[in-house]
Amino acid sequence: MKYDFSAIEKKWQDKWDAEGVFKASEDHSKPKFYGLVEFPYPSGAGMHVGHIKAYSGLEVISRKRRMQGYNVLFPMGFDAYGLPTENYAIKTGIHPRKVTDMNIEKFTSQLKRVGFSFDWSRVVDTTEEDYYKWTQWIFRKMFDEGLVFRATTLVNYCPHCKCVLSNEDSQGGKCDICHNDVIQKSKDVWYLRITEYADKLLQGLDKVDYLPNIKLQQENWIGRSEGAFANFAIAGTDDVLRIYTTRCDTMFGVTFMVIAPEHPIIEKYRDRITNIDALDAYKDECAKKTEFERTQLVKDKTGVRIEGLTAINPANGKEIPIYISDYVMMGYGTGAIMAVPAHDERDYEFAKKFGIDIIEVIKGGDISKEAYTGDGEMVNSEFLNGIATKKEAIETMLKYLGEKGVGEKGIQYKMKDWAFNRQRYWGEPIPIIHCPHCGMVGVPYEELPLRLPEMENFAPGEGGESPLAKVESFVNCTCPKCGGAAKRETDTMPQWAGSSWYFLRYCDPHNTEALASKEALEYWLPVDWYNGGMEHVTRHLIYSRFWHHFLYDIGAVPVDEPYAKRTAQGMILGSDGSKMSKSLGNVVDPIDVADKFGADVLRVYVLFMGDYGSAAPWNDDSVRGCKRFLDRVAGLCDMAKGSGVTAKLETSFHKTIKKVSSDIEEMKFNTAIAAMMSLLNEIYDCGSLTCDELGIFARLLYPFAPHLCEEIWETVGGNGLCAVAEWPVWDEAKTVDSTIEIAVQVSGKLKFTKEIPADTSKEDAIALVKEDERMKPFLEGKTIVKEISVPGKIVNIVVR
RNA sequence: GCCGGAGUGGCGGAAUUGGCAGACGCCCGGGACUUAAAAUCCCGUGGGACUUAUAUCCCGUACCGGUUCGAGCCCGGUUUCCGGCACCA
């Protein structure tokens, strides 16, 4: 058979479509498999080879599951709100709606071109009214439950995008969208109380099957730490300065305190503080620094002593100075610390620079040189003296603090609440009304969706306000509570909103009464297998787990953890080994590859190129190697005759079925393909095979190269579509050869190999080896010290 | 700095619980077919020594050391690269 891929691909894509084989059935009596891939942001550039690799993993698994008799839900959709579309619209004057529709159309045709087995009847688009209605609904529910709050705080702000960013969106001090430096700015911000779910998000990890590094990254991001809160009295007042510490055992070593420049205590005692001008100046200076400057200039501690305020160490009653410094953050703990220079590197540096006392309370280091952070015997610590372990010292101090009523055990998280509003047009409007009498009022549920108004000019305002603020008909409204004049919130939601629950909508995408029906959710959830990029592990994956836990708590979904299993694919790099980028000119267009070699070759190559979870560079020559492979597979059609089995090939077939079956489950696609290549080589060596055998081969390769395999399946007279043919099964007994080759070692060194019957016992194997002619020279004049036999592997004779 | 992961031919990468290192593919070399090229097919292909050849031997999984009959895999140390977090009290 000549492999005319363009004719074949069209033919089978049309047939699959006509027969609806990829439609998830409503028959809930069948076992289900819900495979999920991260839906794309439909950018104008179209698909990237990275998309192909990301989707091909679960594509193979989903195709295999259908053959195994599962009712498979393998959906696709578009995460279409976002800045690039909006910026493109601003530049070209084309409305974002139009841009989005064009891009979705392009993506859809490209995805279909590659032949992915998505259920196209369930496509979701986050920017459509009947979708974002439910995004807003979930937000409203959170508002009702007290998980939404508004605060004026210092936030991550991107001056380039003119937009507030969440912590997750400004990792490393860079804007996630434009990669410019993020600055700290005081702004009104809508927050979602994700920290309330920190423990649930952490504990939930115990019961899901995520890759270990995904779990680890999430754990680190949540950043739970156990420690203590303690109150340090402010001398001459009834006030206290509350601190958080993980080392309350070192409290006798506290020689000063440090508070964040924005700490409210400064405002409160403005009149008592004698150097308030200096403090204000320092605060201004800090505000100007970018995140980058604050974190990169770690070594150089700065700060100002607060004159006129001192604190009392609750452990020993000593009066100690208070400083402000930007190495203490308002956003973690209480924004104030007890400084123990002898046993904390940062405090040590600060104390050295400002000439503050350094008191050793743990033996073991040399505090004249550096801070000692290790374990050791407590000294200079009154009732703690002599205690040798950190654990015991902490417990003793906690007891003391509790008895005196000045401190207690506490838990802190690095994760911060989710800054949720964006000052942009192309996003879901936040359904809140500001009423001068009633305060913040939710838009009534029956008024959802709160539609994004039509606009001509969606550039953000100069003062950093949302473009929506310019639309008076949108802004002005009446308060649902009191009926008085009120104004709508004009900020929109971040891109992560729509993607936080899209997998729920797939279960029942056309529902007008609920985000999805109870029955559909009960049947399909949880997602059995979710594959996506590592870059989303500390954002989308955390956010969506948070939303899902919330929905579980209000009874909207039947399970608490949304994803039973989560894996990740590695990046495809340019052929030069660097990240694919337009500026380097090393971008590969997947559709070009499909046009030149066929969609099946593209699919096989992205899975064969290396370990699925690791990054690997693109190589055009290797693509041709995959083309050669499929050409040779097509060639089998001319060779196949009759039915039954070829004795010579039988074992190889059973072995290959076994290997391909298990490799697919472990996402070891590269070795699965390699096994089929080996079998193919063997078939060619053999020179003939039966139609039955070719049918097995076609079904094994089908998840990878479905178009070609349907064609072969038809040629060999397979029953119905290969898409729904039964996945081949292997007979364990037939996977073992009658004779095996074992390695023969003398004193651990390989000497030769020997063919022996497969069922030879350990002892017989040794005997057979010792009888072998080739063994003679090694045994002559030697004493056998030890004989080792590993069945099927080696025999090792140790001589002296 | 802290926490992960990884260093295997010219390249991408394979190697159940420690058991024949380099599967499979690419590149490269040789040959067949062809007027020729492409395509296809066959053979070779970790490095080295010796040999007409067969055979045989030595070295080899980042580096140093250890455990073991036997180490790519386990242990101790060093080093490089990648990823994540980063003044988190």
Side-chain angles (χ1 to χ4, degrees), chain A residues 171-173 212-221 223-225 227-228 243-248 250 257-258 291 294-301 325-329 331-340 344-347 349-350 412-416 534-535 537-538 570-571 573 575 577 604-605 608-611 613-626 628-629 631-632 635 662 668 670-681 684 741-754 785-799:
Chain A
Q171 295 180 31
N213 55 337
I214 294 179
K215 278 193 189 182
L216 194 74
Q217 271 196 36
Q218 293 217 340
E219 278 164 15
N220 290 343
W221 188 259
R224 182 190 153 101
S225 96
I243 59 100
Y244 175 74
T245 178
T246 54
R247 296 299 303 270
C248 67
T250 61
M257 300 187 76
V258 186
E291 187 82 15
R294 282 185 77 161
T295 54
Q296 293 305 306
L297 306 171
V298 178
K299 292 276 172 269
D300 203 20
K301 292 278 178 292
S325 173
D326 64 356
Y327 85 89
V328 173
M329 316 286 148
Y332 184 78
T334 60
I337 62 155
M338 60 174 220
V340 187
D344 181 284
E345 283 163 25
R346 296 150 302 175
D347 298 346
E349 255 172 65
F350 194 87
Q412 280 295 301
Y413 300 94
K414 286 184 193 171
M415 186 169 68
K416 297 187 173 74
M534 285 304 292
E535 69 276 19
V537 164
T538 50
M571 243 194 302
L573 305 172
S575 50
V604 168
Y605 175 65
F608 181 65
M609 63 191 298
D611 172 57
S614 310
W618 186 269
N619 183 318
D620 282 326
D621 288 327
S622 292
V623 177
R624 275 189 281 274
C626 291
R628 218 166 290 161
F629 169 56
D631 281 340
R632 274 159 61 85
S662 62
K668 289 162 76 173
N670 54 338
T671 51
I673 294 166
M676 289 185 277
M677 288 174 168
S678 291
L679 178 60
L680 180 70
N681 291 341
Y684 269 92
E741 202 178 41
I742 58 160
V744 178
Q745 296 180 346
V746 176
S747 299
K749 291 232 172 211
L750 177 73
K751 294 302 172 190
F752 54 90
T753 60
K754 186 173 174 64
V785 184
K786 204 171 181 181
E787 295 168 341
I788 294 137
S789 177
V790 180
K793 298 279 183 192
I794 61 138
V795 166
N796 184 10
I797 310 290
V798 185
V799 297

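None of these values were measured; they are calculated from a predicted model. Atoms considered below: every heavy atom in the structure, side chains included; atoms not considered: hydrogens, waters and symmetry mates. All chains are named by letter (A, B, ...) in the order of the sequence lines, taking the proteins before the strands, and each is independently numbered beginning at 1.
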Could you measure between the two [atom1] atoms, the one in [N] and the one in [M], and give it in whole Å?
N	M	atom1	value
B/C58	B/A21	P	13 Å
B/C57	B/G4	C1'	44 Å
B/G60	B/G72	C1'	11 Å
B/U61	B/C3	C1'	27 Å
B/A15	B/C41	P	27 Å
B/G10	B/U45	C1'	11 Å
B/C26	B/G18	P	34 Å
B/A23	B/U79	C1'	30 Å

Review point. Are a donor atom and an acceptor atom from the side chains of A/Ser225 and A/Tyr413 found within less than 3.5 Å of each other?
Key: no
Check your understanding: Strictly by modelled atom types, are A/Asp347 and A/Tyr327 linked by a side-chain donor-acceptor pair under 3.5 Å?
Key -> yes
**Study point:** A/Tyr332 six-ring centre to A/Lys414 NZ/CZ under 6.0 Å and within 45° of normal
**Key:** no
Would you indicate which nucleotide in [options] comes nearest to any side-chain atom of [X]?
X	options	answer
A/Ser678	B/C20, B/C24, B/A14	B/C24
A/Asp611	B/A89, B/A14, B/C87	B/A14
A/Ala674	B/C20, B/C24, B/G13	B/C24
A/Ala743	B/C69, B/C20, B/C87	B/C20
A/Val790	B/C26, B/C3, B/G19	B/G19
A/Leu750	B/G19, B/C87, B/C20	B/C20

Kindly give the heavy-atom pair with the smallest separation between [X] and [Y], and that separation in Å.
X	Y	answer
A/Leu680	A/Arg632	CD2-CB, 3.6 Å
A/Ile214	A/Val537	O-CG1, 3.7 Å
A/Asp611	A/Ser614	OD2-OG, 2.7 Å
A/Cys626	A/Val604	SG-CG1, 4.0 Å

Check your understanding: Does atom CE of A/Met534 have more than 12 heavy-atom neighbours, drawn from other residues, nucleotides or ligands, at distances under 6.0 Å?
Key -> yes
Exercise for review: Evaluate whether atom CD of A/Glu535 has more than 12 neighbouring non-hydrogen atoms of other residues, nucleotides or ligands under 6.0 angstrom away.
Suggested key: yes
Tell me what [X] touches on the nucleic acid: a base, only sugar-phosphate, or nothing, going by heavy atoms under 4.0 Å.
X	value
A/Arg632	sugar-phosphate
A/Thr245	sugar-phosphate
A/Asp344	nothing
A/Ala615	sugar-phosphate
A/Ile788	base
A/Asp631	nothing
A/Gly625	sugar-phosphate
A/Lys754	nothing
A/Glu741	base

Check your understanding: Do the charged groups of A/Arg624 and A/Asp621 touch, with an N to O distance under 4.0 Å?
Key -> yes
When the distance from [atom1] of [X] to [atom2] of [N] is rounded to whole Å, what number comes out?
X	N	atom1	atom2	answer
A/Ile797	B/G70	CD1	P	14 Å
A/Ile337	B/A89	CD1	P	11 Å
A/Met329	B/A86	CE	P	11 Å
A/Leu216	B/C2	CG	P	16 Å
A/Asn619	B/G12	CG	P	10 Å
A/Tyr684	B/C42	OH	C1'	14 Å
A/Leu680	B/C41	CG	C1'	14 Å
A/Tyr605	B/G12	OH	P	11 Å

Please name the nucleotide paired to [N] by Watson-Crick or G-U wobble geometry with both distances under 3.5 Å, or report none.
N	value
B/A36	none
B/G1	B/C85
B/C63	B/G77
B/G19	B/C69
B/C24	B/G12

Report yes if a side-chain nitrogen or oxygen of [X] is closer than 4.0 Å to either non-bridging phosphate oxygen (OP1 or OP2) of [N]; otherwise report no.
X	N	answer
A/Arg624	B/C26	no
A/Asn681	B/G25	yes
A/Lys414	B/G84	no
A/Lys751	B/C69	no
A/Asn796	B/G19	no
A/Tyr244	B/A89	no
A/Ser614	B/A6	no

Practice item. Report yes or no: is there a donor-acceptor pair, N or O only, under 3.5 Å between the side chain of A/Lys793 and the base of B/C20? Key: no
**Study point:** A/Gln745 (side chain) and B/G19 (base): donor-acceptor pair under 3.5 Å
**Key:** yes
Review point. For RNA chain B, whose closest nucleotide is more 5', that of A/Gly331 or that of A/Thr671?
Key: A/Thr671
Practice item. Would you kindly compare A/Val798 and A/Tyr413 by the position of their nearest RNA chain B nucleotide and give the one closer to the 5′ end? Key: A/Val798
Review point. Taking O4'-C1'-N9-C4 for purines and O4'-C1'-N1-C2 for pyrimidines, is B/G9 syn (within 90° of 0) or anti?
Key: syn
